[in-house]
Protein chains: 2
Amino acid sequence: MFKRMPDVQPRLADDVYEQILSAIVNGQIAPGDRLIQEKIAAEINISRTPVREALLRLEREGILELSGRKGFSIRQISEEEVRDIYGVREAIEGYGAYWVAANRTDARIQAIAEKVAEERALKEHDMQAEFRINRDIHRTIVAQTGNKALLDMFDSIWGRGISQWLFAATRTNQTPPDPDVHDKLLGVIKNGTPAEAQAAMIEHVRDGLGMQIKGLKE
Amino acid sequence: MFKRMPDVQPRLADDVYEQILSAIVNGQIAPGDRLIQEKIAAEINISRTPVREALLRLEREGILELSGRKGFSIRQISEEEVRDIYGVREAIEGYGAYWVAANRTDARIQAIAEKVAEERALKEHDMQAEFRINRDIHRTIVAQTGNKALLDMFDSIWGRGISQWLFAATRTNQTPPDPDVHDKLLGVIKNGTPAEAQAAMIEHVRDGLGMQIKGLKE
DNA sequence: TTTTTGTACGGTGTATACAGTATACATGGT
DNA sequence: ACCATGTATACTGTATACACCGTACAAAAA
């Protein structure tokens, strides 16, 4: 009763972090835009300190970069880095698929199936929505392992690709939003051996890399 | 000529970060010790700001935690978290071993062999030295992929275990520093199929987990 | 014009100052 | 002795102030 005090006092920096990140995902901040500490601080009526903390965190996560004294901006990543990121995804998500297939449960399969259904039900096909649901599906698979550290890695590696993903996706928007692909993947996780599930996931990720590179090259 | 200006001006926070981290690895900071921003700042004659940035980063990386208003301290992790960490290691390092075996090169094998030799040559068997060389071996394997993102993940996940590892190792210091284990692993990477290399690495990591848990339980 | 030099400005990094709150300790009542 | 209450202290989090330096632009020299 009387409401419990939270263990750790909230930090403005966390808010700012969330706001900036979702602004990137929503396309309100584009590559090339300059993020100035004081500007942001003034805009939301707080001081530079928490804003700075948020920006530094985003920098460390590879999402932003600091260009000399011209402020922060979305980091442009090279093709090699994209390949690297997808390599990590193979490692993490492949492991996740393996684990889920090895520790199969109705509840776990169900959780994933729900996300896939969400994708199928998706009406608006803007890139941001596509991105989110796609990430959610993959994230849900990894989340089924119950391994928090693994999920952290997942979030970390997906954070890096954000802007690039959206950029490439916008270019090659012939990209069909085929939920069939995910259905197939789910099928293997549901019925295949762990090794098969892992292989299917890795192949699926590789396909994504192909798209990405194609979008980058044009 | 005339020396080049570094692209980005150095930050005191990075120094502080390194210092605190190595102080942890060297055992100068033990679990339970309280890290107070002002104290640290005074000790190295800088202001609280960069110290705070370093501490926040260490907190985000799961190495430190903030306990109310009692300052930061080394984060104690549960057995479940240890298991999680080792799961991630299986994913990342298993992938690394697979990759190296699949893209075998004399130079790559050599680089790893050198580290293993270093371990064998090790004279002082204090826990910190053991920890470092062990990590270096594993890190070198992953590094051979040339995948920077993967290496980041490696560093990230190893950072979390530091204190726990040292703690457990100190307890069960019957732990023999057997370089044979790593030699065997290297052998599989050198001569086996990629799948075999991956399996060997995963098994090796699992053995490590066993030790860790044992040390934790006592 | 073109190039150099000066200068104001913009932006980060660091230091300091302020506010708020949990913790610790002391004090007094029982 | 023990518990409750008050009060000081010790931290963190946030705001503000200062220092420094690269950039941009303007003015002067060629």
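In what follows, every heavy atom counts, from backbone to side chain, and hydrogens, waters and symmetry copies are set aside.
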Does anything in residues 138-157 of chain A pair up under ring-ring contact (aromatic ring centres under 6.0 Å, His included), and if so which pairs, sequence neighbours excluded?
A/His138-A/Trp158, A/His138-A/His182, A/His138-A/His204, A/Phe154-A/Trp158
Comparing B/Phe72 with A/Lys70, nearest DNA chain D nucleotide closer to 5' gives the residue B/Phe72
Please state whether the phosphate of C/dG13, meaning OP1 or OP2, lies under 4.0 angstrom from any side-chain nitrogen or oxygen of B/Gln9.
no
In whole angstrom, give the distance that lies between atom CD of A/Gln37 and atom C1' of C/dT14.
12 Å
Check the distance between C/dT16's C1' and B/Asn45's CG and give it to me in whole angstrom.
15 Å
With a 4.5 Å limit on heavy-atom distance, are the side chains of B/Asn147 and B/Leu151 in contact?
no
Would you state whether a donor and an acceptor, one from the side chain of B/Arg48 and one from the base of D/dG13, lie under 3.5 Å apart?
yes
Please report, rounded to the nearest Å, how far the C1' atom of D/dG13 is from the CD1 atom of B/Ile36.
14 Å
May I have the step-by-step check of side chain to side chain contact (heavy atoms under 4.5 Å, CB included) for A/Arg135 and A/Arg132, ending in yes or no?
CA-CA 5 Å; A/Arg135 182 189 56 189; A/Arg132 270 192 295 265; 3.8 Å; yes
Establish, with yes or no, whether the OP1 or OP2 oxygen of C/dA15 is under 4.0 angstrom from a side-chain nitrogen or oxygen of B/Ser47.
yes
Between A/Leu66 (CG) and C/dG11 (C1'), how many Å, whole number?
9 Å
Send over the distance from B/Glu65 CD to D/dT12 P, rounded to a whole Å.
14 Å
Which part of the nucleic acid, if any, lies within reach of B/Arg11 when heavy atoms closer than 4.0 Å are counted: base, sugar-phosphate only, or nothing?
sugar-phosphate
Which residue lies toward the 5' end of DNA chain C, B/Arg34 or B/Leu12, if each is placed at its nearest nucleotide?
B/Leu12
Applying ring-ring contact (aromatic ring centres under 6.0 Å, His included), name anything that partners B/Tyr86, two or more places apart in sequence or on another chain.
none
Taking only residues two or more places apart in sequence or in another chain, which ones pass side-chain contact (heavy atoms from CB on, under 4.5 Å) with A/Ile24?
A/Ile20, A/Ile29, A/Ile63, A/Leu64, A/Ile74, A/Ile162
Pairs in or reaching into residues 148-157 of chain A: which pass salt bridge (charged side-chain N to carboxylate O under 4.0 Å, His left out), with residues at least two apart or in two chains?
A/Arg139-A/Asp155, A/Asp152-B/Arg160
In whole Å, what is the span from the CG atom of A/Leu35 to the P atom of C/dG10?
18 Å
Identify every side-chain donor-acceptor pair in residues 39-48 of chain A under 3.5 Å, counting partners at least two apart or on other chains, and give the distances.
residue	atom	partner	partner atom	Å
A/Ser47	OG	A/Thr49	N	3.3
A/Arg48	NE	A/Gln37	OE1	3.0
A/Arg48	NH2	A/Gln37	OE1	3.1

Positions of residues 49-63 of chain B (non-hydrogen atom under 4.0 Å from DNA chain C), listed by number
B/Thr49, B/Pro50
Using atom CZ of A/Arg69 as one end and atom C1' of C/dG10 as the other, report the distance to the nearest whole Å.
10 Å
